[in-house]
Amino acid sequence: MVRTPDDPQVLLLTSEMFPFSKTGGLADVMGALPVALHRAGVRVAVCTPFYGRLSAGGHEVRLVQERCPVGFPWAPITAEIYRTEYHGVPVYFIGRSEYFDRRYYYNTYSGDYFDNCERFTFFVRASLQWARQMKTAPAVIHAHDWQSALAPAFLHYLRSSDPFWKDTKSVFTIHNLAFQGRFSNRLFEGSGLPTEAWNQEGVEFFGDFNLLKGGIAYADAVTTVSPSYSREILSPKFGCGMEGILSKRRDVLHGILNGADYDVWGPHDDRYLPCSYASDDSSGKIECKKALIRELWLADQLEDRPLLSFIGRLRKQKGIDLLIEILPQLMNKGLGVVVLGEGNLEYEQRLMELVEEYPGTLAVVIGYSEDLAHRIHAASDIFLMPSRYEPCGLTQMYALRFGTPPVATAVGGLIDTIVSYPSPYATGFTFAKPEAKLFLSAINQALRLWNNKASWRSMVRRAMKQAFTWERSAEQYVKLYKSIGMTIESD
Ligand code: ADP
């Protein structure tokens with residue numbers, strides 16, 4: 001038996017964690033939430049896959065168990081467990097090279113990896129088996145998104161078969177309902193769940209095996225990452241087919257707004273920026289803008305013109321098609337636009353064609369660049385976020401902190417984080433529906449205000465003062481953990 005000195009009260013399961021792995025917002029959340037919980041006095045630990053592309057980020061990672069038994073029904077396969085510590089939080093990496101040592105995390109350009117169901121079922125089972133070797137069971141298993149969603153389901157059945165788990169509760173957090181981990185029913189048997197889990201109140205979804213549904217159906221509490229999104233997903237428009245089971249579980253469904261990690265994202269002390277700046281002095285922001293204009297080979301005249309930016313996945317969810325639709329009209333206004341993203345090939349190609357049409361004023365960077373994302377946030381004047389739905393959204397929070405008022409659709413977390421013009425407290429501009437016409441008119445509104453320097457400055461100052469801290473979010477999670485039975489020893 002392996003003893004760990006950590007014995008967490010809350011064990012978080014996630015398929016991404018910044019700075020070790022990242023494809024999007026989930027990683028940022030999981031880089032910050034465990035640390036905030038730790039600072040709030042909760043003993044937490046994280047389990048996450050040991051990807052081949054893992055960035056150790058200067059942290060010492062060591063092997064702590066070579067052959068952790070996983071007990072898959074069809075073979076006695078084992079996992080390697082590695083450990084590191086991140087700001088005081090123990091992080092366990094679950095390794096098995098045939099599953100995780102790949103170029104990408106979930107998919108290539110030609111589609112999802114064929115064995116994603118097996119890979120992430122393995123991850124969940126190995127995490128639970130690893131925890132099973134601890135002196136005491138965690139009070140809460142907190143699983144995130146479809147990749148970890150079977151944890152509450154397994155736990156539900158383990159509670160009655162293994163006394164070790166009898167008092168452990170589970171929380172399941174949905175970061176994006178559209179990604180569900182939906183697989184053929186033939187894969188259910190190999191998951192190791194008992195046959196009674198195969199029903200409409202369990203993991204079955206229109207004849208398929210749906211991992212996300214397992215999380216929703218079995219967790220003691222279900223959360224999503226903003227209050228507005230937690231209400232939206234009860235409707236067919238936003239529910240992605242899960243509105244039925246979510247409505248049944250409405251009593252345990254909570255919306256807890258994500259925070260932003262201002263130690264990583266903030267213009268006061270950002271290692272990726274040419275200079276820092278604060279809300280009462282914008283000269284640094286102007287320097288950042290000049291530097292980005294040079295970096296991206298944009299025309300010098302743009303220094304005195306508004307610079308608009310988009311950072312994110314080039315997917316329909318993010319409304320990149322709406323931006324593409326209005327780009328010609330925008331460019332004719334003599335302003336600058338910068339796009340950083342990757343995703344759908346068709347959007348990438350269309351954007352590159354547009355760059356040919358607007359050389360010097362439109363810059364498109366296809367790819368993923370953490371440091372460039374920081375520089376774009378700092379350098380631009382207006383941030384564009386025409387999402388069709390947005391569970392929380394982090395980039396608009398970063399944009400606010402960098403003094404770059406967002407123009408965003410009034411959906412999900414964008415409603416909860418942006419105060420829209422013309423409110424006297426406005427920090428940005430929202431528009432009612434994801435339609436090109438409305439998007440353009442909201443941008444026009446922003447451009448008019450940009451021309452009024454005094455009003456623009458005061459909006460920028462208000463935006464920069466917004467504080468969506470992780471401390472606040474962590475407090476709400478702790479309250480939730482307590483409501484389902486966890487006692488905090490430091491109480
Ligand atoms: P989502 O998780 O839906 O993709 P969020 O706004 O919650 O959207 O978080 C996106 C995160 O991923 C942010 O940290 C953002 O800066 C980052 N990001 C997205 N695309 C890129 C990219 N192409 N290059 C660098 N960072 C990116």
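The figures here come from the full heavy-atom set of this structure, side chains too, leaving out hydrogens, waters and symmetry mates.
- With no hydrogens or angles considered, no side-chain donor-acceptor pair links S226 and S228 at under 3.5 Å.
- The 12-atom threshold is exceeded at NZ of K453, counting heavy atoms of other residues, nucleotides or ligands nearer than 6.0 Å.
- With N176 contributing its side chain and A178 its backbone, the two residues share a donor-acceptor pair below 3.5 Å.
- Taking the six-membered ring where the residue is Trp, the centroids of F238 and Y229 are separated by 6.0 Å or more.
- In this structure, the side chain of E287 does not engage the main chain of S283 through any donor-acceptor pair within 3.5 Å.
- Residue H377 forms a ring-ring contact (aromatic ring centres under 6.0 Å, His included) with just one option from Y272, F383, Y277, and that option is F383.
- Shown are R249, K213, K248; of these, the salt bridge (charged side-chain N to carboxylate O under 4.0 Å, His left out) with E201 is made only by K248.
- When side chains are defined from C-beta on, Y106 counts as touching S15, because their heavy atoms get closer than 4.5 Å.
- T409 places none of its side-chain heavy atoms less than 4.5 Å from the side chain of F439.
- With hydrogens and angles left out, the side-chain atoms of Q466 and T427 include no donor and acceptor closer than 3.5 Å.
- Side-chain N/O atoms of K333 and N444 include a donor and acceptor closer than 3.5 Å.
- Between D321 and K316 there is no salt bridge, since no side-chain N of the basic residue sits under 4.0 Å from a carboxylate O of the acidic one.
- At distances below 3.5 Å, at least one donor-acceptor pair connects side-chain atoms of E348 with backbone N or O atoms of G343.
- For E16 and T23, the side-chain atoms include at least one donor-acceptor pair closer than 3.5 Å.
- With a 4.5 Å cut-off on side-chain heavy atoms, V35 and W470 do not count as touching.
- A side-chain N or O of N116 and one of R119 form a donor-acceptor pair less than 3.5 Å apart.
- With hydrogens and angles ignored, the 3.5 Å screen pairs a side-chain donor or acceptor of T48 with a backbone N or O of T14.
- Within 6.0 Å of the CZ atom in R457, the count of heavy atoms belonging to other residues, nucleotides or ligands exceeds 12.
- Using a 4.5 Å heavy-atom cutoff, the side chains of V91 and H59 are not in contact.
- Other residues, nucleotides and ligands place no more than 12 heavy atoms under 6.0 Å from the CD atom of Q200.
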How far apart are the C-alpha atoms of F20 and F93, what are their side-chain angles, what is the distance that settles it, and do they pass the ring pair (Phe, Tyr, Trp, His ring centres under 6.0 Å) test?
CA-CA 10 Å; F20 308 109; F93 297 102; 5.2 Å; yes
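- In this structure, R182 is not positioned above the aromatic face of F205 in the sense of NZ or CZ being under 6.0 Å from the six-membered ring centre and within 45° of the axis.
- By the 4.0 Å N-to-carboxylate-O rule, D381 lies close enough to K289 to be salt-bridged with it.
- In this model, no donor atom of one side chain and acceptor atom of the other lie less than 3.5 Å apart for H268 and Y262.
- The pair R472-E475 does not meet the salt-bridge criterion, since no charged nitrogen lies less than 4.0 angstrom from a carboxylate oxygen.
- Under the 4.5 Å side-chain criterion, counting only non-hydrogen atoms from C-beta, L362 is not in contact with E357.
- Going from atom CD1 of I311 over to atom CD1 of I376 covers 5.0 Å, rounded to the nearest 0.5 Å.
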